[in-house]
A.B. asks: 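Below you'll find the structure I mean.
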Amino acid sequence: MMKEIETRIKEVVKDLFTQNKIDLFIGYSKGSLPLTSSPCFITKSEDIEKLVWNSFCSNNLAVYLPRIFNPQPRKKEKIELPRIGILAKGCDARSIVVLIKEHQIARDNVFILGIVCQGMGDRKKIRNDIEITGAEEKNGRITIVDENKKEIELKREELLSDCCIECQHATPPIHDILIESGNQRPAAPKGGGRDFEKKSIEDRWNLFQEEISKCIRCYACRQACPNCYCRECFADQTKPRWIGVTDHISDVMFYQIGRIFHQAGRCVDCGACVRACPMGIDLRVFTHKLVRDAKELFDYEAGVFLEEGLLLATFKPEDKQEFISEP
Amino acid sequence: MIEEKIIKKNRLNAMLQELSKEYSIYIPAGENGDFRFCELRDTNDELVFWDYRNTRISPKEILFPHSEILYEFSRDESHQFSISQNNDDQRKMKNVILGIRPCDARAIGFLDRVFIGEPNERFVDPYYLKRRIHTIIISLACNRPQISCFCTSLNGRPDGEEGADIIAFDIGEEILLKTVTEKGKEFIKESSKWLGNVKKSDIDKKNKIFKESAKRINSRVSVEKVKEKLDDSFEADFWNEIHRKCLGCGICTFLCSTCHCFDITDETSADRGKRIKCWDSCMYPLFTLHASGHNPRPNYKERMRQRIMHKFNYCPENFKELFCVGCGRCIRNCPVNLDIREVINQVSQLK
Ligand code: SF4
Ligand code: SF4
Ligand code: SF4
Ligand code: SF4
């Protein structure tokens, strides 16, 4: 199935270029390590062959759109906006919806090639001490080869990212062409992240501190996130400076609390931050709590309906407000 | 003269116990293959790092920590200023770094050149020096290189000695220790009561294991022309393409064993403050941002160019060394798989 989708992607992209509908296509190419794919920018039809589709096309490609439409430094003259084709799984498309609603991208200049996603694998699910020297994917099974040429066969499902296991929106909510992927994965049982919610406030706080204490402030979680398009992040501001610069737990928590809360009603649970974090911090535990709160308190899911107002920019008289506490 | 000694693995704890009275001992600690250098707290703990591959974050953090307070200052009611040096690091200034991989040991040699320089150098970084001067580096030769290791392309080897005072070889039940520097020899002398003499068979065993190990490194890039090619490529079109997928996250620089950029910041309140040194990265928007608001590297393109130029052109110019040791950290951890080996290859092919 993966191969057929790949062929179909290439056909569509070829047409887009032949009909001069796009200037640039963003998809995936083969990664340099086993079990990886890499974002890839195609500007001419000769390069279309580089495109791949497999179980490791996990990057959220929407992250590249804001910077294309709002290049830095800001130009005085009006720039001609490029026409972009982009491959979008369910989560990428949801990010695109968020970005359109937040006026970061020009809808008319984006051609969305949607794919009904089967869930993406996570290389980190394999123990770090197994040195994977090769991998092959076939009929829903992934065979990895270790350094002693030993083969280990895994089911695709065993490698699925946590966010993909719980994903409710495998079909892109917005698209110009949609590629079906056949045997549709049943929507996952709802309710991930409940463990965290069941904990007492103290335990949650301790868990938060414990996880976050591993942070080295590289900001990869921010850079990998399509929602983090601010021209100047609060964490980078120097006049005034909001956060201390050290890796001391209080500074790090300040950064993370800021980053995480800026995702309220916006996070699409694509897992980009978790995948990027070099220190293996499970950031999703915290953002997922916000995702659930948005759903439970306001029946809102980010990036699903283009016409619906943004959660934080809409007021309804019946909005819940129990969580607002007296000072 | 080179000296070789041997110690049984199960005797090592006793030796470390005694050493820990005088030294802070840093070892790779972790689980499931995920390691980071930590200070050894309990010398009874079993040492589990013999087979580890490498730490996720480079051991440069021991000598050049993410952030450190250089000094604090304050003002009293009569507007008298006072400055206090930060002393909390004074307890034990003697360190042993045990188990560092040869590539990373070599990288410490590079950092020495940046922060300490040649003898009688005009500028020495006192904060680096105070940690470095009493530090003994005992590297551990690699028996299980990773597919992203490419040290052999950059003058390194899985049993390379550069940068270490002593190199250790795991030969099964025992560890063979070989001295590299005078400092290492001195250290071996001090610890002699724990160490035995090597037999010819031990050396043969060692040679066999580590010849095998070098053979396992299949990842090769050609770096011969890189410096020269970059001399004329500042304006090359290549930079417009190569950065495109980069997220500007800085992982490649923070984890890198040779990256050494830092920033100095004052954190102040009404009448007191601290001067702090912390890691910086050329991949960040704040890097060398001018007070006027002008940014000489306003975009991903210029930042990526700075990273590559610094490693493969400016450093070779200043320190006669390509500032990459092939540890592969940036390859394993880049979230978009922007592989430095591919960048090097492409640079080599520039016209
Ligand atoms: S990616 Fe991880 S280490 Fe980097 S800033 Fe985010 S949480 Fe911290
Ligand atoms: S780790 Fe990769 S994405 Fe991040 S700054 Fe480095 S090259 Fe760019
Ligand atoms: S550039 Fe990459 S491979 Fe080279 S020393 Fe740095 S982290 Fe290691
Ligand atoms: S790059 Fe070479 S020295 Fe470094 S860990 Fe790999 S094999 Fe060992």
Side-chain angles (χ1 to χ4, degrees), chain A residues 24 26 29-34 36-41 43 56 58-59 61 63-64 67 71-73 123-124 126-134 147 214 216-225 231-233 235-238 241 244-248 251 272-273 275-280, chain B residues 30-36 51-53 56-57 61 65-69 144-148 216 218 241 244-255 263 265 267 274 276-281 283-286 289 294-295 298-300 329 331-339 341-342:
Chain A
L24 166 71
I26 311 177
S29 62
K30 192 172 177 307
S32 70
L33 297 173
T36 58
S37 297
S38 181
C40 157
F41 292 70
T43 46
F56 296 89
S58 25
N59 297 82
L61 299 179
V63 71
Y64 297 112
R67 67 156 109 153
Q72 297 275 2
R123 194 159 62 106
K124 293 180 187 158
I126 297 171
R127 280 171 53 127
N128 219 353
D129 48 355
I130 299 179
E131 183 64 5
I132 311 160
T133 60
E147 64 200 310
K214 296 183 237 163
I216 56 170
R217 298 268 306 260
C218 67
Y219 299 141
C221 43
R222 172 186 81 189
Q223 294 305 108
C225 176
R231 278 173 202 280
E232 195 179 24
C233 175
D236 285 342
Q237 278 170 350
T238 51
R241 187 182 280 289
V245 292
T246 73
D247 60 352
H248 187 273
D251 288 344
C273 51
R275 276 190 304 272
C277 178
M279 305 312 285
Chain B
E31 51 190 3
N32 294 340
D34 203 352
F35 283 80
R36 180 168 184 175
D51 269 344
Y52 94 114
R53 299 195 193 256
R56 209 189 268 245
I57 179 166
E61 60 171 339
H66 176 283
S67 33
E68 67 180 312
I69 298 172
R144 302 200 306 162
Q146 308 180 64
I147 55 164
S148 42
R216 282 180 178 230
N218 298 319
E241 297 306 317
R244 283 198 110 143
K245 63 183 171 185
C246 173
L247 299 173
C249 72
I251 288 179
C252 49
T253 55
F254 266 32
L255 301 195
D263 191 15
T265 313
E267 271 181 11
K274 304 177 216 167
I276 300 167
K277 171 182 171 190
C278 66
W279 288 356
D280 200 353
S281 163
M283 307 311 278
Y284 293 161
L286 274 188
L289 175 68
H294 172 68
N295 193 336
N299 238 315
Y300 295 87
R329 281 188 180 83
I331 304 170
R332 292 188 285 279
N333 293 288
C334 171
V336 297
N337 186 242
L338 205 160
D339 191 319
R341 294 170 299 183
E342 281 168 23

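Note on naming: letters A, B, ... go to the chains in the order of the sequence lines (proteins, then strands), and numbering restarts at 1 for each one. Note: hydrogens, waters and symmetry copies are ignored here, and every other heavy atom, side chains too, is used.
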A.B. asks: Just by distance, do the side chain of B:Tyr284 and the backbone of A:Cys218 share a donor-acceptor pair under 3.5 Å?
C.D. replies: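 Confirmed, B:Tyr284 side chain pairs with A:Cys218 backbone.
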A.B. asks: Take B:Arg216 and A:Glu147 through the salt bridge (charged side-chain N to carboxylate O under 4.0 Å, His left out) test and state the conclusion after the steps.
C.D. replies: CA-CA 9 Å; B:Arg216 282 180 178 230; A:Glu147 64 200 310; 3.2 Å; yes
A.B. asks: Give a yes or no answer on whether the side chain of B:Arg53 reaches the backbone of A:Asp129 with a donor-acceptor pair at less than 3.5 Å.
C.D. replies: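 Pair found, side chain donor or acceptor close to backbone of A:Asp129.
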A.B. asks: What are the two closest heavy atoms between B:Arg56 and A:Asn128, and how far apart are they?
C.D. replies: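 Closest heavy-atom pair between B:Arg56 and A:Asn128: NH2-ND2, 4.0 Å.
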A.B. asks: Answer yes or no: is there a donor N or O on one side and an acceptor on the other, between the side chain of A:Glu232 and the main chain of B:Pro285, under 3.5 Å?
C.D. replies: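 Absent.
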A.B. asks: For chain A, find which of B:Leu286, B:Asp339, B:Asn333 contributes the most heavy-atom pairs closer than 4.5 angstrom.
C.D. replies: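 Most heavy-atom pairs under 4.5 Å with chain A: B:Leu286.
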A.B. asks: Looking only at heavy atoms, which two atoms of A:Thr246 and B:His66 are closest? And how far apart?
C.D. replies: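 Heavy-atom minimum between the residues: C-CE1, 3.9 Å.
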A.B. asks: CZ/A:Arg67 to CG/B:Asn299 distance, rounded to the nearest 0.5 angstrom?
C.D. replies: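 The distance works out to 8.0 Å.
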A.B. asks: Pick whichever of A:His248, A:Met279, A:Arg123, A:Arg222 has the most heavy-atom pairs under 4.5 Å with chain B.
C.D. replies: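 Looking at each of A:His248, A:Met279, A:Arg123, A:Arg222 in turn, A:Met279 comes out on top.
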A.B. asks: Under a 4.5 Å cutoff for heavy-atom pairs, which residue among B:Met283, B:Glu267, B:Arg244 has the most contacts with chain A?
C.D. replies: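 Highest number of heavy-atom pairs under 4.5 Å: B:Arg244.
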A.B. asks: For B:Pro145, is there any backbone N or O sitting under 3.5 Å from a side-chain donor or acceptor partner on A:Glu131?
C.D. replies: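 No, A:Glu131 side chain to B:Pro145 backbone: no donor-acceptor pair under 3.5 Å.
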A.B. asks: Without swapping roles, check the side chain of B:Asn337 against the backbone of A:Ser32 for a donor-acceptor pair under 3.5 Å.
C.D. replies: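 Side chain of B:Asn337 to backbone of A:Ser32: a pair is present.
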